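Down below is the structure, laid out as structure tokens.
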2 protein chains.
Amino acid sequence: MDDRIKCKQAHVTVDCVVFGLDEQDLKILLIQRGYEPFKGSWAIPGGFVNADESLEAAALRELKEETGVQDVFLEQLYTFGDVHRDPRRRIVTVAYYALVNLRDHTIKAATDASNAAWFGVDDIPKLAFDHARIVETALRRLRGKVRYEPIGFELLPEKFTLTQLQRMYEKILEQDIDKRNFRKKILGMELLKELDEVQVDVAHRAARLYRFDEKKYRQLREKGFNFEI
Amino acid sequence: MDDRIKCKQAHVTVDCVVFGLDEQDLKILLIQRGYEPFKGSWAIPGGFVNADESLEAAALRELKEETGVQDVFLEQLYTFGDVHRDPRRRIVTVAYYALVNLRDHTIKAATDASNAAWFGVDDIPKLAFDHARIVETALRRLRGKVRYEPIGFELLPEKFTLTQLQRMYEKILEQDIDKRNFRKKILGMELLKELDEVQVDVAHRAARLYRFDEKKYRQLREKGFNFEI
DNA sequence: TTGACAAAGTGTATTAAATACACTATACTC
DNA sequence: GAGTATAGTGTATTTAATACACTTTGTCAA
């Protein structure tokens, strides 16, 4: 028998863990709830899925509405559906994670009734619902995935130095990396396009700028190439 | 504003891609639909989520009801929520994949009104809804994950030979593996417990039997050990 | 009983990749 | 033009991956 039609209980939301990287830390974007339940608590941005939009479209829309963030890397993370994860009623949430670069995306400081702010991943306040678990899951995914797929570039500006790139890996993976070995490896992958530009406005020797080579990446991926760091 | 309450449209189902391994092939378990839409089509097992059960519990229940399969490895795969993936109404499905061993799990040949049958992954019929896409996603996940986490054991009987283990990797990854190098590597990981038993009822020299060492695995995983094949 | 068969089981040399490690070059500041 | 802060570079060593072929063992049937 086809029972699909029977299900009138669970409602569907999307929630999104937004990662950003500044000079110091890996950060996530939180909003402060303006309504009950958990009024005043920090939470990750999210909301209901409209009848005529896909899950991903809903995640992008909520992100834009609540934080002003758009044009970002977005990937589905996991779906959380514990019976009592929302104290009011049964809600299943499809969680996504997004990677943005803090330079190009200025975040709306406030929405209708709520604040939005960045928190270092080692300095996250108590969160509403089961959002702590969602954030944990997202961190694990990011740490796992950044090692073998070149997604970390999404956290950097379009043009970046090799040192910035290395710092990104160091902050996400929480381990130091040898500079010479790192450069040997990352340049050997041929995923970077060396630009004829250098840093500006630095009080020391300016570093060469690079850009992630999307086309090359797609070519190499076709061939089953391995991008492990 | 908290819009969570508004969402009265999308309904939630779970669907499950069940993998099994026989002497010849990697297989998946399909059921033949007894009702419209897609009456008579093959589909992966699944159904609605009850108000008082978690997503995983729902997946396990449906699996048992529709195919008799229980006590299996089950992991959430991806959530599919395209607006028109079901022709009748908006349905979001949380897909899981399961690994079973065909020896220990005899599958119910038929449920209430439907057949259940195994199909080689290279020989899958046209499927209902977007199930072809779900199966594809599951295959990609299995192929990716089996390389760096010891989940493939779930497809084998509790006691197995090194040759069976190697065949499992060869069938999933669709590539030949060198026997001596494979043994060197897998024994070097110390995930296998060598038993004092050998195969029975074979018309040639009997091979030694091994068992996956769950405790050792957990210990090594704690230490950030790498299980890449 | 023995010869044919089928799969089990085993070691080494070569190549490639990962790691460890420290100094010189350059551009700016004062 | 001396000081300083970061950029940029090469080699030797260790470790892991790969390539490769024969001997052993047990069963079966003549």
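Because the structure is a prediction, the values reported are computed rather than measured. Convention: sequence-line order gives letters A, B, ...; per-chain numbering from 1. Heavy-atom basis, side chains included; hydrogens, waters and symmetry copies ignored.
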TODO: Could you tell me the separation between the CD atom of B:E194 and the C1' atom of C:dG9, rounded to a whole number of Å?
DONE: 12 Å

Task: Atom pair distance, as rounded to whole Å: CZ in B:F182 and P in C:dG11 - done: 18 Å

TODO: Pick base, sugar-phosphate or nothing for A:T163, based on heavy-atom distances below 4.0 Å to the nucleic acid.
DONE: sugar-phosphate

- [ ] Starting at atom CD1 of B:I186, determine the distance to atom P of C:dG9, rounded to an integer number of angstrom.
- [x] 15 Å

TODO: On DNA chain C, check which nucleotide each of B:R180 and B:Q164 is closest to and give me the residue with the more 5' one.
DONE: B:Q164

Task: Electrostatic pair A:R218-A:E222, nearest N-O below 4.0 angstrom - done: no

Task: Ring geometry between A:Y217 and A:F212 (parallel below 30°, tilted from 30 to 60°, perpendicular above 60°) - done: tilted

Task: Length of the CG-P vector between A:N226 and D:dA17, whole Å - done: 12 Å

Task: the helix from C:dT1-D:dA30 to C:dC30-D:dG1: angle between end helix axes, five pairs per end, rounded to 10 degrees - done: 10°

Open item on the list: Using heavy-atom distances to pick each residue's nearest nucleotide on DNA chain C, tell me which of B:D178 and B:R167 is more 5'.
Closed with: B:R167

TODO: State whether A:R211 and A:E194 are salt-bridged, where the test is any N-O pair (Lys NZ or Arg NE/NH1/NH2 against Asp/Glu carboxylate O) under 4.0 Å.
DONE: no

Open item on the list: I need the CG-P distance between A:D201 and C:dA27, as an integer number of Å.
Closed with: 16 Å

Task: Phosphate OP1/OP2 of C:dG9: any B:R183 side-chain N/O under 4.0 Å - done: yes

TODO: To the nearest Å, give me how far apart CG (A:L162) and P (D:dA7) are.
DONE: 9 Å

Task: B:N181 CG - C:dT14 P separation (whole Å) - done: 16 Å

Task: Any B:T79 side-chain heavy atom under 4.5 Å of B:V92 side chain - done: yes

Open item on the list: Which label fits A:Y148 and B:Y148: parallel for a plane angle under 30°, tilted from 30 to 60°, or perpendicular past 60°?
Closed with: tilted

Task: Length of the CD-C1' vector between B:E228 and C:dA18, whole Å - done: 14 Å

Open item on the list: Please determine whether a side-chain nitrogen of the Lys or Arg among A:E174 and A:R143 lies less than 4.0 Å from a carboxylate oxygen of the Asp or Glu.
Closed with: yes

Open item on the list: Determine whether a donor-acceptor pair (one donor, one acceptor, N or O, separation below 3.5 Å) exists between the side chain of A:K184 and the base of D:dG10.
Closed with: no

Open item on the list: Under 4.0 Å between a side-chain nitrogen and a carboxylate oxygen: does that hold for B:E75 and B:R141?
Closed with: yes

Open item on the list: For D:dA17 and B:K185 - does any side-chain N or O of the residue sit under 4.0 Å from the phosphate oxygens OP1/OP2?
Closed with: yes

Open item on the list: If the threshold is 4.0 Å, N to carboxylate O, is there a salt bridge linking B:R133 and B:D82?
Closed with: yes

Task: B:K27 bridged to B:D22 by N-O distance under 4.0 Å - done: yes

TODO: Summarise how protein sits on nucleotides 22-30 of chain D as a single string, 5' to 3': B when a protein heavy atom is under 4.0 Å from the base, S for sugar-phosphate-only contact, - for no contact.
DONE: --BBSS---

